[in-house]
Amino acid sequence: MLNSNLRKNKSFIRSFSLNKLLQKSPFWSLIFWAGVWEFIGQMGWMTLLPPLSDIWYAFSELLESSAFWEAFAMTARTFGIGLGLSIAVGIPIGILMGISKRADKILSIWVNLFLSAPITAVIPALMPILGIGDATVIATVILFAIWVVIIDTQAGVTHVKDSLVEMGRTFGCSQWQIVFWIVIPAAMPEIITGIRLSVVRAVKGVIVGQIVIALIGFGGLFNTYLSYFIMERFWALIIVVFVMSFTIIGLVELLERRIAFYARTR
Amino acid sequence: MRSGSSLTDIILNTEDIGVTYQETIIALKSVSLDIPAGKLTAILGPSGCGKTTLLKVIAGLIEPTTGAVKVRGEKIVGPGPDRALVFQDFALLPWATVMENVAFGLRARGVPKKERKETSLHYIKEVGLLGFEDKYPHQLSGGMRQRTGLARALTINSDILLMDEPFSAVDEQMRRKLQEDLLKLLKIKSKTVIFVTHSIEEAVYLADQVVILSGRPGSIAEIVCPEIDRHGEIDLIRRQPRYIELVDEIWSSLKRYVE
Ligand SMILES: Nc1ncnc2c1ncn2[C@@H]1O[C@H](COP(=O)(O)OP(=O)(O)OP(=O)(O)O)[C@@H](O)[C@H]1O
Ligand SMILES: [Mg+2]
């Protein structure tokens with residue numbers, strides 16, 4: 001009796017332990033670390049780390065500044081164009097590599113090379129060619145995003161069941177009909193996965209590109225805030241960028257889950 | 001082209017077919033075969049002897065290394081509307097409904113949508129899938145998927161129906177049901193059927209002509225014409241002395257190729 005009471009008590013205490021709380025939901029974890037941040041900021045130990053409440057204030061300032069919205073527009077534009085091109089060009093290349101052995105032989109070394117290459121190192125080389133502006137950022141986004149689209153599309157196409165293609169042939173389908181009616185829909189789950197991964201990479205690409213160039217968009221803003229020591233704004237901007245990235249990636253994952261229907265039914 | 005009695009009409013024949021994969025694997029060797037019109041021909045043989053290869057050559061999916069396939073005396077150069085293939089793994093599009101799957105062959109031929117739907121519905125009814133038009137393949141049982149594949153093959157109304165182990169992916173009861181349905185269907189339709197099977201019983205029960213292939217490289221070991229009386233109860237047919245005799249006969253000739 002006493003023993004069981006004690007045990008109950010113990011578990012009661014345990015359920016209120018900090019550890020449990022932090023594990024329970026990311027929300028509480030977030031609140032906790034925000035508290036730690038505020039505390040350290042208020043103590044004024046590090047000039048680089050202002051209190052979170054100041055950043056919150058800078059946040060609203062940031063959203064009112066035209067420089068922010070210009071940078072935002074440029075980011076959205078270059079992200080959209082770069083990602084769009086990656087998908088629009090990557091899928092046909094992937095299909096081609098999946099269908100034609102020769103195309104695969106010629107291209108696969110390069111695709112695999114760029115897939116794992118440190119693309120960031122290439123950006124400075126792009127600047128003299130493409131100039132300091134949208135073109136370089138778009139190129140960066142493409143260099144980050146396109147390879148995974150190609151690889152996944154190719155994997156999808158090569159895994160299409162032979163019997164489906166043979167079925168199309170027995171009914172006299174043309175090459176194009178087989179590609180559009182059978183191969184592409186059958187490869188859809190892999191293509192969608194490729195697109196999702198490429199969105200994640202494109203988000204990285206658009207930010208990294210701007211930061212390396214350091215004169216335009218968010219990269220330019222980061223640079224200005226850092227060099228004039230406007231740390232509140234600097235952190236506010238980082239938070240904005242993080243939130244934007246997570247939102248986009250979250251949206252894409254949501255979308256993929258809805259289309260995952262294909263993968264299940266294959 | 002021969003004419004006269006339909007019993008001896010040869011609708012399709014293969015002349016000295018040989019297939020070599022990757023220049024070293026000889027799958028088929030000089031297979032010459034006559035397929036009588038309106039009859040069921042079963043291709044029987046040990047695993048890996050080239051049954052599927054032979055069927056695909058006849059379908060026009062594989063170009064033989066030597067020899068030729070002729071339909072009514074004309075050499076084939078690929079798949080054609082005179083031959084329809086029913087696939088062992090059904091080959092249904094998983095993202096398409098039963099209706100869309102059945103209509104696929106008609107769509108490939110550019111048949112207008114309305115007509116496509118009507119024709120498909122007719123064959124869906126014929127194979128007993130009415131009410132399942134809007135289901136997806138993963139919502140169907142194995143037998144229903146096989147029927148969908150069969151309906152799709154029937155839509156193009158070809159004279160020759162090729163089936164690769166059509167009843168091997170379903171359970172025993174469903175197999176018997178599908179076999180009976182096939183026989184029933186053929187009574188109305190008068191089609192020439194060539195089917196590959198592993199089962200001696202199935203071959204004897206269904207086929208007018210049983211082609212026995214030897215082990216790899218596949219060549220014709222023997223051709224048996226069961227000629228059993230298929231009228232009346234199935235179970236009675238299976239108890240006919242002629243039926244049992246044939247099964248034994250084919251088994252003893254096949255046994256040599258099975259280690
Ligand atoms: N695309 C291919 N490339 C190389 N070898 C092949 C290919 N397709 C089949 N083979 C070989 O040719 C032989 C005949 O194959 P096939 O599939 O026609 O046999 P099968 O009689 O249908 O066998 P099963 O009873 O197992 O279905 C086998 O030994 C197989 O390994
Ligand atoms: Mg086979």
Side-chain angles (χ1 to χ4, degrees), chain A residues 87 91-92 94-95 98-102 104-105 152-196 254-266, chain B residues 52-53 55-63 76-97 100-111 116 135-140 145 148-150 152-158 160-165 169:
Chain A
I87 294 170
I91 291 177
I95 291 171
I99 296 174
S100 148
K101 275 230 173 65
R102 193 183 302 169
D104 179 43
K105 249 185 206 147
D152 278 21
T153 303
Q154 183 195 16
V157 169
T158 46
H159 289 148
V160 175
K161 273 205 257 165
D162 288 342
S163 67
L164 286 185
V165 175
E166 286 173 348
M167 187 273 292
R169 286 180 55 208
T170 61
F171 286 116
C173 286
S174 67
Q175 288 291 332
W176 288 109
Q177 284 173 332
I178 287 178
V179 168
F180 281 100
W181 292 358
I182 296 173
V183 172
I184 293 179
M188 220 21 132
E190 282 91 346
I191 295 177
I192 299 284
T193 304
I195 290 176
R196 174 171 61 79
L254 207 74
L255 211 69
E256 195 195 18
R257 233 169 294 151
R258 298 193 65 174
I259 303 175
F261 159 77
Y262 274 119
R264 264 190 291 112
T265 56
R266 238 181 351 163
Chain B
T52 298
T53 304
L55 205 68
K56 282 185 181 171
V57 168
I58 293 172
L61 291 171
I62 296 177
E63 203 181 326
I76 65 157
V77 287
D82 46 5
R83 286 151 290 144
L85 181 59
V86 180
F87 289 82
Q88 180 175 4
D89 67 349
F90 320 128
L92 300 178
L93 306 175
W95 57 88
T97 60
E100 287 160 350
N101 268 296
V102 172
F104 186 89
L106 297 171
R107 185 175 168 212
R109 290 214 188 156
V111 174
R116 215 151 76 197
K135 293 272 185 286
Y136 289 89
H138 70 103
Q139 299 171 304
L140 305 176
R145 288 180 210 179
T148 308
L150 178 63
R152 180 180 58 196
L154 292 175
T155 55
I156 58 166
N157 207 13
S158 60
I160 304 166
L161 201 56
L162 311 171
M163 306 171 108
D164 192 1
E165 301 194 25

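Proteins come first, then strands; the chains are lettered A, B, ... in the order of their sequence lines, and each starts at number 1. All values reported here derive from a predicted model rather than from experimental measurement.
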Q: According to side chain to side chain donor-acceptor pair (under 3.5 Å), who are the partners of N101(B), at least two apart in sequence or on a separate chain?
A: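 Result, side chain to side chain donor-acceptor pair (under 3.5 Å) vs N101(B): none returned.
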Q: Pick one of side chain, backbone, both or neither for L106(B), based on which atoms fall under 4.5 Å of a heavy atom in chain A.
A: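 For L106(B), there is no contact with chain A at all, as no heavy atom is under 4.5 Å.
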Q: Could you tell me which residues in residues 82-90 of chain B have at least one non-hydrogen atom under 4.5 Å from a non-hydrogen atom of chain A, sorted by residue number?
A: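 Residues in range: L85(B), F87(B), D89(B).
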Q: Tell me if the CD atom of Q139(B) is crowded by more than 12 foreign heavy atoms within 6.0 Å.
A: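 Yes, the 6.0 Å shell around CD holds more than 12 heavy atoms from other groups.
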Q: Restricting to non-hydrogen atoms, name the atom on R169(A) and the atom on L61(B) that form the minimum distance, rounded to 0.1 Å.
A: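 Looking at all heavy atoms of both residues, the shortest contact is NH2-O, 3.1 Å.
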Q: Between R109(B), R152(B), K56(B), which has the largest tally of heavy atom pairs under 4.5 Å with chain A?
A: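 The candidate making the most pairs under 4.5 Å is R152(B).
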Q: Return the CZ to CD1 distance between F104(B) and I182(A), rounded to the nearest 0.5 Å.
A: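 So the CZ of F104(B) and the CD1 of I182(A) are separated by 4.0 Å.
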Q: Measure distances from E166(A) to the heavy atoms of chain B and classify the residue's part below 4.5 Å as side chain, backbone, both or neither.
A: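 Both the backbone and the side chain of E166(A) come within 4.5 Å of chain B.
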Q: Would you say the side chain of R107(B) lies within less than 4.5 Å of the side chain of F171(A), judging by non-hydrogen atoms?
A: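 Sidechains of R107(B) and F171(A): no contact.
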